[in-house]
Amino acid sequence: MSSEDVESRESLLDGQPNGHAKVVIERPVFSQQKFDEGFSPGSRPQTTFRESFLKSCRKCQCSKDCFLGFLYKIFPFIGIMKDYNIRTDLTGDIVSGLTVGIMHIPQGMAYGMLTTLDPVYGLYTSFFPVIIYFFFGTSRHISIGTFAVACLMMGSAIEKGLKSPNVHIITTCVNVTSSVTPVSNLTNETVQQFSLSCSDNTESVKLQIAMAVTFMVGLIQLVMGLTRLGFVTTYLSDPLISGFTTGAACHVFTSQIKHVFGISTDRYSGAFKLIYTYRDFFGNIPHTNAVTLIASVVCMVMIYVVKEYINNNPKIKPRLKMPVPIELIAVVLGTVIAYFINIESKYGVKIVGDIPTGLPVPTVPNFSLMPDVLSDAFALSIVVFAISVSMGKILARKHGYEIDSNQELFAYAITNMGSSFFSSFATSASLSRSLIQEHVGGVTQLTGLVSSALLLLVLLVLGPYFKTLPKCVLAAIIIVALKGMFRQFLELPKLWKLSKIDFLIWILSFLATVILDVDLGLLFGVVVAIFTIVYRVQRPYVCVLGQMPGTDIYRDVSVYKEAVEIPRVKIFRFENAIFFVSVEHFKNMLFKYTCNPRHVKQDIVEAENKIRKEKANFEKITFQNATNEVELRVTNDDSTEFCPTVEVPDVGIDTIILDCSTWSFIDSMGVKALTSVVNDFREINIKIHLAFCKAGIREMLEKTGFFSCLDRDNLFVSIHDAVLHTQHQISSSESDSDSPVDGSTEIVVRSVNGTTESTDVKS
């Protein structure tokens with residue numbers, strides 16, 4: 001291509017007083033074939049599996065740098081500690097670690113109770129996983145440990161596991177002999193009484209189920225990490241997570257409300273468990289323990305007031321070096337008061353009971369239970385990873401570093417699998433503790449080691465002192481902590497304005513979680529989210545484009561009122577890929593916005609048949625008129641010119657231009673649909689042009705033989721090129737010139753700001 005053919009002139013500023021930039025371009029109208037001939041394009045870079053494999057192998061070199069890189073990737077703490085500044089970072093980590101450790105104590109015990117296990121297992125979960133995550137995790141600010149939703153799902157898994165045929169509850173009964181001296185016995189002789197004392201292994205079985213679930217969660221996360229499946233959490237959108245966690249908060253509230261009133265209800269699992277639980281709850285309300293209720297209300301009011309009006313007060317909060325540990329204060333006060341008034345024996349208030357000192361003995365999980373808990377473990381592994389990584393990314397973005405999702409999967413996998421040997425259930429990042437850890441001044445994961453040191457002190461020394469802690473105090477801590485989750489209801493009005501589909505996902509995820517169960521609600525929410533994706537892909541937005549006056553820019557005529565459609569030309573945009581899911585919608589919308597060629601063809605055939613019949617009748621009467629004047633008077637027409645009463649339909653379209661700029665790809669079914677469209681419109685003399693086809697689209701059209709039905713000259717580099725080519729053809733046909741614009745004919749358009757000033761035809 002000669003230099004004068006592709007001459008371009010651009011001036012930065014026009015001569016007008018307003019100083020607006022002005023574009024002046026002179027170039028030929030390019031079909032795609034002509035453009036490729038002039039600029040010699042190459043093929044898109046494609047990497048084969050063999051090349052990818054060899055490239056990966058080249059990275060595995062036995063060198064010091066390669067080994068250190070691998071070591072830093074597997075153990076991120078090495079790189080973090082390497083750059084650690086003791087003078088500036090240590091103080092913040094110690095203060096933050098003590099603050100988070102103080103929060104771990106009441107939350108660990110409370111959320112441990114939420115799993116239906118003893119509260120001490122919540123303390124174990126706040127201790128062991130934190131230490132393991134320190135070595136493998138990439139987030140510097142999240143607080144690993146107990147979390148309400150994860151503990152609730154663990155409790156649900158334990159309840160289901162107890163009903164498994166592989167679980168056997170063994171009840172052991174022994175005779176207990178006691179000596180009693182009756183009051184009426186004057187001889188002071190003692191009488192021996194015999195009673196039967198029975199116990200079962202339910203608690204140990206629940207612990208085995210919890211450890212099996214935890215190990216399975218880690219195993220699933222390990223497989224996902226090794227196969228680089230960290231992206232699966234992208235299907236858990238923010239509205240889905242928000243609706244799901246709000247629904248789970250309803251289950252958490254329901255599980256703790258019985259402790260607030262001091263009554264008992266049966267535990268249910270599966271669909272409609274909340275309905276059955278509240279049926280029992282309202283039936284047992286007459287048996288409410290007044291002391292328990294008063295203690296619960298006092299604790300909730302105290303915790304709420306301190307959190308809202310002191311810890312979260314914008315005037316007081318900046319002055320606090322650390323938040324007031326109101327949960328720990330409530331636990332200590334509750335324990336002390338309950339001890340001195342003997343609250344269990346005098347008032348019937350349930351207490352935590354014995355808390356063993358020391359660390360648990362390592363125990364191998366019961367692998368035979370894992371097939372029974374697979375579904376619960378899978379749901380739990382996805383939820384805890386999604387919540388933890390989302391929180392980690394938010395804090396990492398705030399502090400200017402990045403976390404590796406696949407390494408995080410590996411870290412959570414090792415954490416859960418290792419913790420399952422030490423009586424710690426599945427762990428997750430806590431939203432509240434993570435925010436406080438970051439706010440107080442935590443810099444690295446060293447914060448977790450400081451909090452673990454504090455918890456170690458509790459486990460080794462202070463644990464037994466919490467024996468008299470009322471369970472209603474722990475329930476009050478959990479219920480107040482749910483405030484943040486219930487506040488997610490306030491998102492709904494804003495979500496309704498932003499996206500009706502996201503609003504629908506939120507509502508359906510919430511209702512499914514509340515009505516069905518936590519795991520079923522999550523599954524239903526994912527199905528709804530995927531369905532909305534399919535719906536959006538299958539039925540994307542379509543429109544007709546018009547030219548903005550004085551420019552070479554084309555926009556949606558329904559959005560831009562000044563956009564003008566080109567006479568006898570339809571420019572159609574389909575804003576998605578053309579593949580098996582969307583081909584029907586593509587054809588239907590194209591026919592709707594232009595015309596249905598099959599219907600038009602049928603109308604044309606019917607009109608031509610009618611005209612043919614009328615013409616035959618006209619010729620017959622004219623022949624009779626030559627010999628019979630009576631017949632001439634019957635026709636009541638003195639003219640011999642034939643004028644049909646019907647006209648051949650004209651749809652007002654000569655050319656359809658398909659804007660392919662929004663097509664990301666096209667598959668074989670899409671090519672078949674496109675071929676069918678081209679052939680159908682050709683039968684009614686309407687031409688099809690393709691504009692802005694990407695290289696991948698053109699390669700697919702070439703492979704499938706599409707250009708056997710549509711010439712390559714009908715592909716254009718832009719919509720404006722296709723429009724100018726079409727307008728030239730129309731003007732040529734009006735001047736009785738049928739020669740097409742081919743390789744020997746060239747249109748050179750001079751345009752200013754998209755407005756065509758002149759057009760030259762070069763042969």
Side-chain angles (χ1 to χ4, degrees), residues 139 142 147-153 156 224 229-254 271 273-274 375-376 378-398 403 405 408-409 412 428-432 434-435 481-541 575-576 581-582:
S139 176
I142 62 173
F147 181 58
V149 175
C151 293
L152 177 70
M153 296 181 70
S156 177
M224 292 174 62
L229 293 179
F231 68 89
V232 297
T233 57
T234 57
Y235 290 96
L236 302 181
S237 62
D238 288 344
L240 191 155
I241 290 293
S242 181
F244 167 74
T245 52
T246 307
C250 295
H251 285 274
V252 175
F253 178 85
T254 302
K273 62 180 289 187
L274 252 63
S375 60
D376 295 288
F378 182 79
L380 186 55
S381 64
I382 297 295
V383 170
V384 298
F385 176 67
I387 292 174
S388 302
V389 169
S390 299
M391 192 69 210
K393 287 183 176 179
I394 292 173
L395 295 176
R397 194 180 305 116
K398 182 177 180 180
I403 65 173
S405 296
E408 285 294 290
L409 262 177
Y412 295 135
S428 172
S430 168
L431 306 183
S432 60
S434 298
L435 292 175
L482 297 176
K483 171 176 57 70
M485 292 188 184
F486 285 125
R487 277 183 174 173
Q488 294 179 127
F489 279 112
L490 302 178
E491 299 175 1
L492 291 179
K494 182 179 179 181
L495 202 59
W496 173 262
K497 295 178 181 178
L498 293 177
S499 171
K500 303 297 187 296
I501 293 181
D502 287 344
F503 178 86
L504 180 66
I505 292 174
W506 198 105
I507 291 294
L508 293 180
S509 299
F510 169 76
L511 292 178
T513 304
V514 169
I515 297 174
L516 300 178
D517 202 353
V518 180
D519 52 351
L520 295 177
L522 177 64
L523 177 62
F524 186 83
V526 172
V527 170
V528 170
I530 293 176
F531 177 79
T532 59
I533 294 173
V534 173
Y535 175 79
R536 289 174 174 178
V537 170
Q538 188 173 359
R539 304 180 67 85
Y541 182 73
E575 297 188 349
N576 195 17
V581 172
S582 59

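A donor-acceptor pair is defined here as one N or O able to donate and one able to accept, closer than 3.5 Å; such a pair exists between the side chain of Ser390 and the backbone of Ala386.
The CZ atom of Phe524 sits 9.5 Å away from atom OG1 of Thr513, with the distance rounded to the nearest 0.5 Å. A distance of 11.0 Å separates CZ of Phe531 from CD1 of Ile505, quoted to the nearest 0.5 Å. Remark: Phe385 CZ to Leu380 CG distance equals 13.5 Å, nearest 0.5 Å. Taken to the nearest 0.5 Å, the CG atom of Leu431 stands 6.5 Å off from the CD1 atom of Ile387. Distance CG/Asp517 to CD1/Ile515: 12.0 Å, rounded to 0.5 Å. Atom NE2 in His251 sits 7.0 Å away from atom CG in Leu152 (nearest 0.5 Å).
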Under the criterion side-chain contact (heavy atoms from CB on, under 4.5 Å), I'd like the reasoning laid out for Met485 against Val149: C-alpha separation, chi angles, the key distance, then a yes or no.
CA-CA 10 Å; Met485 292 188 184; Val149 175; 3.7 Å; yes
Between Lys393 and Ile403, does the side-chain contact (heavy atoms from CB on, under 4.5 Å) criterion hold? Intermediate values first, please.
CA-CA 7 Å; Lys393 287 183 176 179; Ile403 65 173; 3.6 Å; yes
Passes side-chain contact (heavy atoms from CB on, under 4.5 Å), Asp502 versus Asp238? Steps please.
CA-CA 9 Å; Asp502 287 344; Asp238 288 344; over 6 Å; no
Stepwise side-chain contact (heavy atoms from CB on, under 4.5 Å) check, Val383 with Phe244
CA-CA 10 Å; Val383 170; Phe244 167 74; 3.8 Å; yes
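The heavy-atom pair separating Pro540 from Val537 by the smallest distance is CD-O, 3.4 Å. Considering every non-hydrogen atom in both Ser509 and Gly525, the closest pair reads OG-CA, 3.5 Å. Nearest approach of Trp506 to Glu491, heavy atoms of both residues: NE1-OE1, 3.9 Å.
Within 6.0 Å of NZ in Lys497 there are 12 or fewer heavy atoms belonging to other residues, nucleotides or ligands. Within 6.0 Å of atom OH in Tyr535, 12 or fewer heavy atoms from other residues, nucleotides or ligands are found, so the atom counts as exposed in its surroundings.
Looking at Ser388 and Glu408, their side chains never bring a donor and an acceptor atom within 3.5 Å of each other.
When side chains are defined from C-beta on, Phe147 does not count as touching Val384, because their heavy atoms never get closer than 4.5 Å. Residues Val528 and Leu240 are not in side-chain contact: their nearest non-hydrogen atoms beyond the backbone lie 4.5 Å or more apart. Counting heavy atoms from C-beta outward, Cys250 and Phe486 have side chains that approach closer than 4.5 Å. No side-chain heavy atom of Gln538 sits under 4.5 Å from any side-chain heavy atom of Asn576. A 4.5 Å side-chain heavy-atom check between Ser381 and Tyr412 finds every atom pair outside the cut-off.
Because its NZ or CZ atom is not both nearer than 6.0 Å to the ring centre of Trp496 and within 45° of the ring axis, Lys494 does not count as a cation-pi partner of that residue.
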